[in-house]
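These notes are about the structure you will find just below.
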Amino acid sequence: MNNKEIAKAFQDIADLLELKGENPFKIRAYQKVVRSVEHLPVEVEQLVIEDRLKEVPGAGEAITKKITELVTTGKLGYYEKLKSEFPEGISTLLDVPSIGPKMAMLLSSELGVKSVDELEVAIIGGKVASLPRMGDKITENILRHIQALRRKDQRIPIGEALPVVDEISARLSGLPTLKNLAPAGSLRRFQETVGDIDLMGTADNAPEIIQTFVSLPQVKEVLASGTTKASVVVSGGLQVDLRIVEHDCFGSLLQYFTGSKQHNINLRERAHRQGLKLNEYGITNLATEGLEKFATEAAFYERQGLEFIPPELREGQQEIERAERGNIPKLVELPDIKGDLHIHTDWSDGRDTIEAMALAARELGYQYLGITDHSGGRGIAHGLDAERLRQQISEIKQLNQRISGIHIFSGIEVDIRADGSLDMPDELLTEVDIVTAAVHSSMNQSQEQMTRRIIGAIENPNVDVLAHPSCRLLPDREPVAVDIEAVFRTAARTNTMLEINGMPSRLDLKDIHAYRARELGVKLVINTDAHSTEHLEFMRFGVGVARRGWCEAQDILNTKPLQEVIACLTS
DNA sequence: GCCGTTTTCGGCCCGACTGTTTTCAGTCG
């Protein structure tokens with residue numbers, strides 16, 4: 001049973017306990033464990049085997065026992081019993097925003113409603129509005145939420161959200177009185193998907209700023225517009241909120257709206273033990289009731305005796321304990337990156353020439369660029385065969401003599417065939433500077449087959465890097481079934497690097513996998529998989545994932561200067 | 001159900017908003 005399934009079972013337990021009206025703190029305990037399991041870099045099954053469940057934040061004696069039962073038997077008696085106490089489907093009502101446990105139970109007990117569809121019928125039939133404490137406004141609101149739920153209203157990949165923010169920020173940053181404009185929320189934490197966008201800033205003339213914001217050309221609909229805050233929907237359906245606040249509380253406000261929820265809960269619990277109360281306006285000393293304000297987040301954390309915690313780490317894992325000890329890593333940053341080692345050109349399925357890509361890379365300040373076009377393999381458009389790869393190697397040699405200021409590595413993204421063999425003869429792989437291996441076909445293999453296939457490839461001494469290891473595509477294609485832990489252990493043993501692919505639809509390795517690979521001593525490389533010069537900009541997405549994986553520059557090959565990379569690739 | 005620089009019981013993050021209420025419960029982030 002994988003972590004996703006375990007998390008779902010415990011989320012369901014939390015929902016049912018809510019419907020039951022259980023102690024809210026008990027419910028919170030289950031929810032905390034759900035979030036922990038979702039962020040866990042290792043499989044819970046593995047922790048059960050090694051008797052290490054106590055390491056899961058929030059798992060105490062009772063929940064540890066329940067997890068063990070669920071993992072070892074595939075069933076959980078407590079969960080089954082709980083489910084039997086409620087009509088099936090009732091917890092799906094909780095998926096509708098504005099419907100909580102109390103209302104769900106009321107709808108179920110009074111009207112027998114147990115699905116969103118039935119709820120809609122009941123509302124239209126006027127049955128819901130006649131219930132106690134219900135009125136037309138509530139039912140209209142529920143209907144709106146049901147329709148939004150159906151429309152799509154799902155979370156948007158960060159690759160789509162960030163450009164929208166950039167565009168809006170560029171427009172607003174022209175306003176001379178607006179300061180500190182920054183996104184908050186899951187976008188700032190660089191989660192791979194975001195629900196909506198929260199922008200924050202400080203200004204003396206908030207109403208004017210808000211007016212400019214709601215009048216932007218990309219705004220399709222204004223949901224709310226006040227003197228300090230506005231909500232709009234921009235083209236593409238994304239909701240964007242802008243909040244203008246006083247300069248002197250900006251630090252605590254930004255911290256509050258950045259979250260995550262679990263991080264903030266943990267932080268406040270800790271503050272409470274110190275006799276302090278945290279809120280978005282600052283820190284209150286509970287004894288004196290005096291409020292201290294903070295213009296920056298760093299000062300806000302410092303006042304609590306904590307090192308600054310970068311937003312990407314604020315997920316309620318071990319970041320607060322680490323900050324207490326002054327032990328927060330110096331995370332890798334975009335300016336640390338000195339080259340890109342996985343890109344495509346018009347020799348295979350890329351758009352631009354090798355030279356155009358190299359010049360664009362030089363423009364970004366890079367020292368090197370690795371050309372890794374596809375091998376001919378199974379139907380990949382214009383893949384290189386042995387003969388064309390030789391030609392390309394020779395062209396790269398000539399280009400390196402002609403172009404200064406950037407070094408071009410020859411390379412190949414060689415296909416890992418279904419049987420685990422590579423789609424290019426070994427003698428040719430020894431002639432290129434960098435060999436990147438990747439799965440592009442037969443993705444439905446069993447976990448056993450796929451694991452053997454990938455491990456076989458990275459055991460080949462000519463393979464330097466395993467590209468996009470899970471092969472997932474956001475938002476639709478699930479990762480292939482593979483024992484990722486076994487892949488990491490093999491990569492560590494064979495000194496094969498794993499890629500963090502920054503293409504927004506991939507982000508693969510993902511954050512928690514990057515964390516685990518690094519922990520096991522695997523060297524990582526952040527690439528864009530660019531198919532055109534513009535795609536080289538995807539590097540920031542890869543860096544964002546690496547930061548969420550607690551990676552420092554030293555963990556990443558392409559933060560090294562050219563000579564070190566050459567030494568690494570030839571060793 | 002968890003957890004401990006007020007420890008093995010008695011606490012548990014904090015505030016805003018909304019609708020329906022006549023003082024607050026429910027929901028959300």
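Every value quoted in this text rests on a predicted model; they were computed, and no experiment measured them. Convention: sequence-line order gives letters A, B, ...; per-chain numbering from 1.
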Starting at [atom1] of [X] and ending at [atom2] of [N], how long is that distance when rounded to a whole Å?
X	N	atom1	atom2	result
Leu267(A)	dG15(B)	CG	P	14 Å
Leu253(A)	dC14(B)	CG	P	16 Å
Ile283(A)	dC13(B)	CD1	P	17 Å
Glu321(A)	dC3(B)	CD	P	11 Å
Tyr30(A)	dC2(B)	OH	P	7 Å
His272(A)	dG10(B)	NE2	P	17 Å
Arg314(A)	dC13(B)	CZ	P	19 Å
Leu286(A)	dG11(B)	CG	C1'	14 Å

Establish, with yes or no, whether the OP1 or OP2 oxygen of dG15(B) is under 4.0 angstrom from a side-chain nitrogen or oxygen of Asn279(A).
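Asn279(A) to dG15(B) OP1/OP2: side-chain N or O found under 4.0 Å.
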Nearest-Å distance once atom [atom1] is located in both [N] and [M]:
N	M	atom1	answer
dG4(B)	dT18(B)	C1'	38 Å
dA16(B)	dT6(B)	P	29 Å
dC9(B)	dT23(B)	P	40 Å
dT20(B)	dG26(B)	P	14 Å
dC12(B)	dT5(B)	P	16 Å
dT8(B)	dC2(B)	C1'	12 Å

Does the pair Asp166(A)/Arg540(A) count as a salt bridge with the N-to-O cut at 4.0 Å?
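Yes, Asp166(A) and Arg540(A) are salt-bridged.
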Between Glu485(A) and Arg489(A), does any NZ, NE, NH1 or NH2 come within less than 4.0 Å of an OD or OE carboxylate oxygen?
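Yes, this pair counts.
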So [X], base contact, sugar-phosphate only, or nothing? Heavy-atom distance under 4.0 Å.
X	value
Lys66(A)	sugar-phosphate
Arg28(A)	base
Ile63(A)	sugar-phosphate
Ile27(A)	nothing
Lys277(A)	sugar-phosphate
Ala271(A)	nothing
Asn266(A)	nothing

Base partner of dT18(B), which must satisfy Watson-Crick or wobble distances under 3.5 Å:
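By the stated definition (distances under 3.5 Å), dA25(B) pairs with dT18(B).
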Parallel, tilted or perpendicular: which describes the rings of Trp550(A) and Tyr515(A), with under 30° parallel and over 60° perpendicular?
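Rings of Trp550(A) and Tyr515(A): perpendicular, as their planes differ by over 60°.
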Once you measure the plane-to-plane angle for His263(A) and Tyr301(A), does it fall in the parallel (<30°), tilted (30-60°) or perpendicular (>60°) bin?
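The arrangement is tilted - the two ring planes meet at 30° to 60°.
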Looking at Phe488(A), I'd like to know if the NZ or CZ of Arg516(A) sits under 6.0 Å from its six-membered ring centre while staying within 45 degrees of the ring's axis.
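Because its charged atom misses either the 6.0 Å distance or the 45° angle limit, Arg516(A) does not stack over Phe488(A).
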Just one of Glu321(A), Lys32(A), Gln317(A), Arg314(A) clears the side-chain contact (heavy atoms from CB on, under 4.5 Å) bar with Asn266(A), so which one?
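The passing option is Lys32(A).
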Residue met sooner reading DNA chain B from 5', once Gln274(A) and Phe25(A) are mapped to nucleotides:
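Nearest-nucleotide comparison on DNA chain B picks Gln274(A).
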Would you mind telling me which residue lines up with the more 5' stretch of DNA chain B, Arg273(A) or Asn264(A), judged by nearest nucleotide?
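The residue closer to the strand's 5' end, by nearest nucleotide, is Arg273(A).
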Show me the pairs that pass salt bridge (Lys or Arg N to Asp or Glu O under 4.0 Å) and involve residues 77-91 of chain A, at least two apart or across chains.
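As it turns out, the salt bridge (Lys or Arg N to Asp or Glu O under 4.0 Å) pairs with a partner in residues 77-91 of chain A, which skip direct neighbours, are Lys20(A)-Glu85(A), Glu80(A)-Lys83(A), Lys81(A)-Glu85(A).
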Using a cut-off of 4.0 Å between protein heavy atoms and nucleotide atoms, how would you tag nucleotides 17-29 of chain B 5' to 3' with B, S and -?
--BS-----SSSB
If the condition is salt bridge (Lys or Arg N to Asp or Glu O under 4.0 Å), which residues does Lys127(A) pass it with, not counting sequence neighbours?
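Expected list: none.
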